Amino acid sequence: MKRIFCLIIIAFFVLNCFSQQNQNEKLIITPELEAENLTYKKEIENLNTLINEKQMEIERNKMNIDLLSSAIDYQNKILDSSGHWITLMAVFLTILAVILPFLTYLFGIKPSQDLLKKNKQLVEKLLVKREKDEVKECIAALDSQNITEKNRAAILINSYLNYKFTQKQINQMIKIAESENDNENIKQTINNILSINQSEQTEAYFINLMEKAQTSDFYYIIRFFLLKGINKYITEISKACEKDPQNLFNILVYLKSMSNTSVIELLNNEQIVQSCKEKLLAIKPVIDNVTSTVANIQETLFYKTINKMEEEQKKREEAEEKQQQQEKEQEKTLSYEEMAKMTGYKWVNNNVIDKKGKIVEQVSFVYTFIGGLQKLQTGVEFEEKIIPIEYIKKLS
């Protein structure tokens, strides 16, 4: 491009000079100049042609640039309009993503939950009604005379231990249990239910059972008393123990299976200890079998009383044994004196002389005194027995 502009400038100056020379003076045109002039003209024409081509090329490039700019503008317009649509679509999708879970919950999940809740309530009502009907039928069957129905009802009603029986139903079962003498299974089934249902009627019922003190009832009696507080029924328990101290063993057996603490409390109660004091030593071995694993049981009033009674008994036995030994010693002394008289022996000059005047051989033996003290002594034999010398001396 620089060369083209330079050629244009040179041609311009040449033409200008040439025109001035034609105006001011007449030049002499030689063939060489004419040939050179033709050469310059051709070059100028070529330059003009080249310039025209370049101008046309520039025009084409401008047109291409305009077309390209138009295309770019069009594409930008399309992109701008597309961007708006994309933005709107994104906003729409965002709103839809937020609203859709709510709509799903509102029109799908919530109606299902409400339906399930209603169905659950309906099922629960049906189950409650079924339970009421079955319990009512069971109690009626327990009060019937049909043994098969009673046994079936006893098995079925055991599955309703957590059922909230009405006071009327409890009173019915108490009446059945009190009148049931032949079927112990029915009575124990009812006792099992009544023992976990607190009321004034059940309390009176179990107090009455404690007075009767039947071994098969103790488990349910103790469970009821324990739920209410075992210390509240000390009087009833002490009466049963006074009636038969063996009842204390039965009570402790079931009480230990439920509460070791209550075992300690019961054996620390003076009223309980006094109620069976006369036979404490007799029942101690069986009580030991129950309480051997209970911590600190030896510190209770029950065992302290027993230990004191054992010490007193031991002293009495030792005194009796001592008295018996004294009596035996007295009998032995009388026996030695009588035997010495029967021998007719005499003590003469440090020798024992028989009736014929012969010296009797003396022997040594161990003599046991009262209290176990032993001493080596000398005596004489007579009828396979040894008589101490001192008894022979007494006769001389």
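From a predicted model like this one, the values you see are computed outputs, not experimental measurements.
The CD atom of Gln201 lies 14.0 Å from the NZ atom of Lys168; values are rounded to the nearest 0.5 Å. Leu281 CG to Glu310 CD: the interatomic distance, rounded to the nearest 0.5 Å, is 6.0 Å. In this structure, the separation between CG on Asn197 and NZ on Lys164 is 11.0 Å, given to the nearest 0.5 Å. Note that the CD1 atom of Ile306 and the OG1 atom of Thr300 stand 8.0 Å from one another [nearest 0.5 Å]. Separating the CG atom in Asn268 from the CG atom in Asn231 is a distance of 10.5 Å, to the nearest 0.5 Å. The distance from atom CD1 of Ile190 to atom CD of Glu180, rounded to the nearest 0.5 Å, is 7.0 Å.
You'll find the side chain of Ile230 reaches within 4.5 Å of the side chain of Ile237, heavy atoms only. Looking at Asn151 and Asn183, their side chains come closer than 4.5 Å, going by heavy atoms from C-beta outward. Residues Lys243 and Lys239 form no side-chain contact, since every pair of their non-hydrogen atoms from C-beta on lies 4.5 Å or further apart. Lys284 has its side chain out of reach of Phe302: every pair of non-hydrogen atoms, C-beta onward, lies at least 4.5 Å apart.
Not counting sequence neighbours, the partners of Gln298 by the side-chain contact (heavy atoms from CB on, under 4.5 Å) test are Tyr303, Asn307. Checked against side-chain contact (heavy atoms from CB on, under 4.5 Å), Glu211 has the following partners two or more places apart in sequence or in another chain: Ile207, Asn208. For Thr305, the side-chain contact (heavy atoms from CB on, under 4.5 Å) test picks out Val273, Lys277, Leu280, Leu301, Met309, with sequence neighbours left out.
Each of Lys187, Arg223, Lys212 was evaluated against Asp217; a single residue qualifies, Lys187, per the salt bridge (charged side-chain N to carboxylate O under 4.0 Å, His left out) test.
Pairing each heavy atom of Val290 with each of Leu252, the nearest pair is CG1-O, 3.7 Å.
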Side chain to side chain donor-acceptor pair (under 3.5 Å) between Tyr219 and Asn192, intermediate numbers included: CA-CA 9 Å; Tyr219 172 78; Asn192 189 34; 5.7 Å; no
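Using bins of under 30°, 30° to 60° and over 60° for the plane-to-plane angle, the ring pair Tyr233/Phe224 lands in the tilted bin.
Under a 3.5 Å cut-off, the side chain of Thr166 and the backbone N or O of Gln169 do form a donor-acceptor pair.
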